[in-house]
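Every number for a ligand or one of its atoms is a count from 1 in the order of the listing.
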Amino acid sequence: LKQVQDKERATYAARQDLDQEFPIILADGTERWIHQIGKITYAKNGEITRKIGSIQDITARKEAEDILRMQLTRMKTLNIIDQLLRKTEELQDILPQLAEIIGKKTGLDAIAILPYDRTIKKLVLGSTWGFHEEPLEKGSLSLGEGLAGRVAQNLQVIHLDVKNPNITIEKNLVDFLKREEVIEYIAVPMLAQGKLGGVVELFQRRRLKTPQETTNYIAAVAGQIAMAQNNQNLIRDLQYSNKELMEAYDATIYGWSRAMDLRDEETEGHTQRVTQLTEKMAKKMGIPAEELVHICRGALLHDIGKLGVPDSILLKPGKLTDDEWKTMKEHPTHAYEMLSDVEYLRPALDIPYCHHEKWDGTGYPRGLKGKEIPKAARIFAVIDIWDALRSDRPYRKAWSREKTLEHIQELSGTHLDPDVVTAFIELIEE
Ligand code: C2E
Ligand code: SIN
Ligand code: SIN
Ligand code: FE
Ligand code: FE
């Protein structure tokens, strides 16, 4: 309550209408996010005469956004690790740094990396991060010994609810987990070309919100380390390591695009549909095969910048005010800011960043004109408009096929690239 009052006081002082998002702590200690909207009327002497408004619990949305943000951070982390491994000759030297990178930035609690020593056929403790005390496995673990030893023997992930384990745990290990206050545990084998390179362990003191996604992340990291280890004295097989990483990334991107559509039920399936149509159009317009993958990623992520647009605007049933439009028009720039430092998404940025540019230069965010607009974005713009108009929106009903095609033809040469419109009409008629 105190936080609410402070906020209100600050707002009155600034003489603004209320429109804020902020966290509150309930009596039982749980945190909830609140969105407060209201109007304040002042008398001539500056006193408040009336305040009217509403508050809404937006915790679910905030949590979904936090998860997406975390996934983005993890994706960036995989990239940082990749770069670090590429310029390292002695893996051993950077293991402590690696353990910290894996855990710290990505919101995890404690990490242990245990490389497998082929000469003594044991796991050794390479490095740890985040523990209260010195970890147990000071010496080394034989295959089958302890939790990590079991993972190394069976080459399978172990995921444990520590209070309710589905396998037996050694007494000293139980005590260690208790002292470390660990409630959830994941261990993943480090594998490269099917060979054991070691084990990565995650120890959580707070329950994971997305255990499957976290397991995938740890597995991706483990794979990177194993690959680096394998190739330490050989020439790196870049292609191979890239392929595995790309597959993990693409699964993540697909997950985001689903999450974005879910935010607005009425556009469900929009992202998948526009991605498929864009790929067809791009092929039809002679875009080289190796660029198609970037175009598909770009289409899947085209409106990721709308994550920065509040529900009150995105889901508004009526026309937007000038201020609301200003916020809405920032979504391509948000996308650029979110994605541009992920190296492998950089070639996919054309669509998220430029899909609202117009052929005659009156679009946003940069007002690019004609062929200054990347071709992928010119193609995508037609398809986005087609699918948007063919669907119900909170502020209008879906348009008919004929009306939509007519509208698109009218936009040819002003909003849209005429060549793209011609190809699009052909494609729809096919
Ligand atoms: P969106 O719904 O994904 O629409 C993508 C693009 O399709 C729009 O870009 C626009 O070029 C076209 N389009 C969509 N609906 C209509 C329509 O009813 N009439 C016409 N003539 N064209 C349409 P634009 O205009 O830059 O809008 C970007 C985003 O802003 C939209 O994405 C939507 O999320 C939001 N938006 C646009 N207008 C409104 C509105 O009146 N109310 C609300 N609440 N949101 C709006
Ligand atoms: C959304 O509004 O959440 C995405 C759907 C779209 O691209 O219009
Ligand atoms: C918000 O998402 O900003 C608040 C929820 C709403 O007003 O729809
Ligand atoms: Fe958009
Ligand atoms: Fe769209």
Side-chain angles (χ1 to χ4, degrees), residues 37 253 256-279 281 295-339 348-368 373-374 376-417 420-421 424:
I37 324 174
I253 292 187
W256 290 348
S257 75
R258 299 287 306 220
M260 284 187 288
D261 274 4
L262 284 177
R263 187 168 163 212
D264 180 358
E265 284 164 31
E266 294 185 77
T267 63
E268 216 188 322
H270 168 73
T271 304
Q272 275 73 41
R273 286 194 305 272
V274 294
T275 303
Q276 283 171 10
L277 255 186
T278 304
E279 189 179 9
M281 270 282 283
I295 289 183
C296 287
R297 286 179 193 142
L300 280 172
L301 295 173
H302 73 277
D303 267 342
I304 193 169
K306 283 185 179 172
L307 274 180
V309 177
D311 287 3
S312 54
I313 298 177
L314 188 67
L315 307 181
K316 181 173 171 168
K319 280 247 168 276
L320 301 178
T321 65
D322 289 352
D323 274 352
E324 288 167 342
W325 250 120
K326 217 177 129 226
T327 304
M328 180 59 88
K329 282 182 166 175
E330 283 164 4
H331 79 273
T333 311
H334 283 311
Y336 182 82
E337 285 161 359
M338 289 172 80
L339 304 178
L349 267 174
D350 284 348
I351 291 176
Y353 192 28
C354 309
H355 68 287
H356 290 298
E357 299 289 356
K358 294 185 184 175
W359 184 250
D360 63 8
T362 62
Y364 59 92
R366 288 182 290 168
L368 299 180
I373 307 166
R378 279 182 270 138
I379 293 175
F380 179 81
V382 180
I383 288 160
D384 192 31
I385 294 177
W386 162 261
D387 196 87
L389 287 170
R390 298 281 291 125
S391 315
D392 288 333
R393 283 286 190 266
Y395 47 95
R396 58 143 177 80
K397 283 268 157 226
W399 289 14
S400 71
R401 181 192 153 98
E402 291 67 34
K403 185 173 172 188
T404 310
L405 277 179
E406 216 170 278
H407 178 69
I408 284 176
Q409 254 156 338
E410 277 165 18
L411 298 180
S412 174
T414 52
H415 185 150
L416 300 171
D417 176 349
V420 174
V421 171
F424 179 74

Closest to atom 40 (C) of ligand 1 (heavy atoms only, candidates W386, W399, Y395) is Y395

Using a strict cut-off of 4.0 Å, indicate which atoms of ligand 1 neighbour a heavy atom of K319. 41 (O)

Heavy-atom side-chain contact between T414 and K358 under 4.5 Å: no

Interatomic distance, CG@D417 vs CH2@W359, rounded to 0.5 Å, equals 4.0 Å

Return yes or no for this condition: an N or O of R393 is under 3.5 Å from an N or O of ligand 1. yes

Does H355 bring an N, O or S atom to under 2.8 Å of the Fe ion (ligand 5)? no

4.5 Å side-chain heavy-atom contact, K316 and Y395: no

Between H270 and ligand 1, find which residue part has any heavy-atom pair under 4.0 Å and reply side chain, backbone, both or neither. neither

Just by distance, with hydrogens left out, do H356 and D384 show a side-chain donor and acceptor under 3.5 Å apart? no

Measuring centre to centre across the rings, with the benzene-like ring taken for any Trp, is H415 within less than 6.0 Å of H407? no

Please work out, at 4.0 Å between heavy atoms, whether the side chain, the backbone, both, or neither of L315 comes within that distance of ligand 1. neither

Using only N, O or S atoms, tell me which atom of D303 is closest to the Fe ion (ligand 4). OD1

With heavy atoms only and a cut-off of under 4.0 Å, state how K329 meets ligand 1: side chain, backbone, both or neither. neither

Verify the distance test for H302 against the Fe ion (ligand 4): any N/O/S atom under 2.8 Å, yes or no. no

Going by heavy atoms in the side chains, are L307 and M338 under 4.5 Å from each other? yes

Considering only heavy atoms, does R396 approach ligand 1 within less than 4.0 Å through its side chain, its backbone, both, or neither? side chain

My understanding is that only residues two or more places apart in sequence, or in another chain, count here; which of them pass side-chain contact (heavy atoms from CB on, under 4.5 Å) with T327? P310, I313

Qualifying residues under side chain to side chain donor-acceptor pair (under 3.5 Å), relative to T333, sequence neighbours excluded: none

Can you find an N or O of H331 that's nearer than 3.5 Å to an N or O of ligand 1? no

Short version for E324: what comes under 4.0 Å of ligand 1, heavy atoms counted, is neither

Indicate if the distance from the Fe ion (ligand 5) to the nearest N, O or S atom of D384 falls below 2.8 Å. yes

Quick one: does ligand 1 sit under 4.0 Å from the side chain of W325, the backbone, both or neither, non-hydrogen atoms only? side chain

Under 3.5 Å, is there a donor on one side chain and an acceptor on the other for D323 and T321? no

For D384 and ligand 1, does the shortest N/O to N/O distance drop below 3.5 Å? no

For ligand 1, which atoms have a heavy atom of L389 less than 4.0 angstrom away? 15 (N), 16 (C), 17 (C), 18 (O), 19 (N), 20 (C), 22 (N), 23 (C)

In ligand 1, the atoms that come under 4.0 Å of a heavy atom of Y364 are 24 (P), 26 (O), 27 (O), 28 (C)

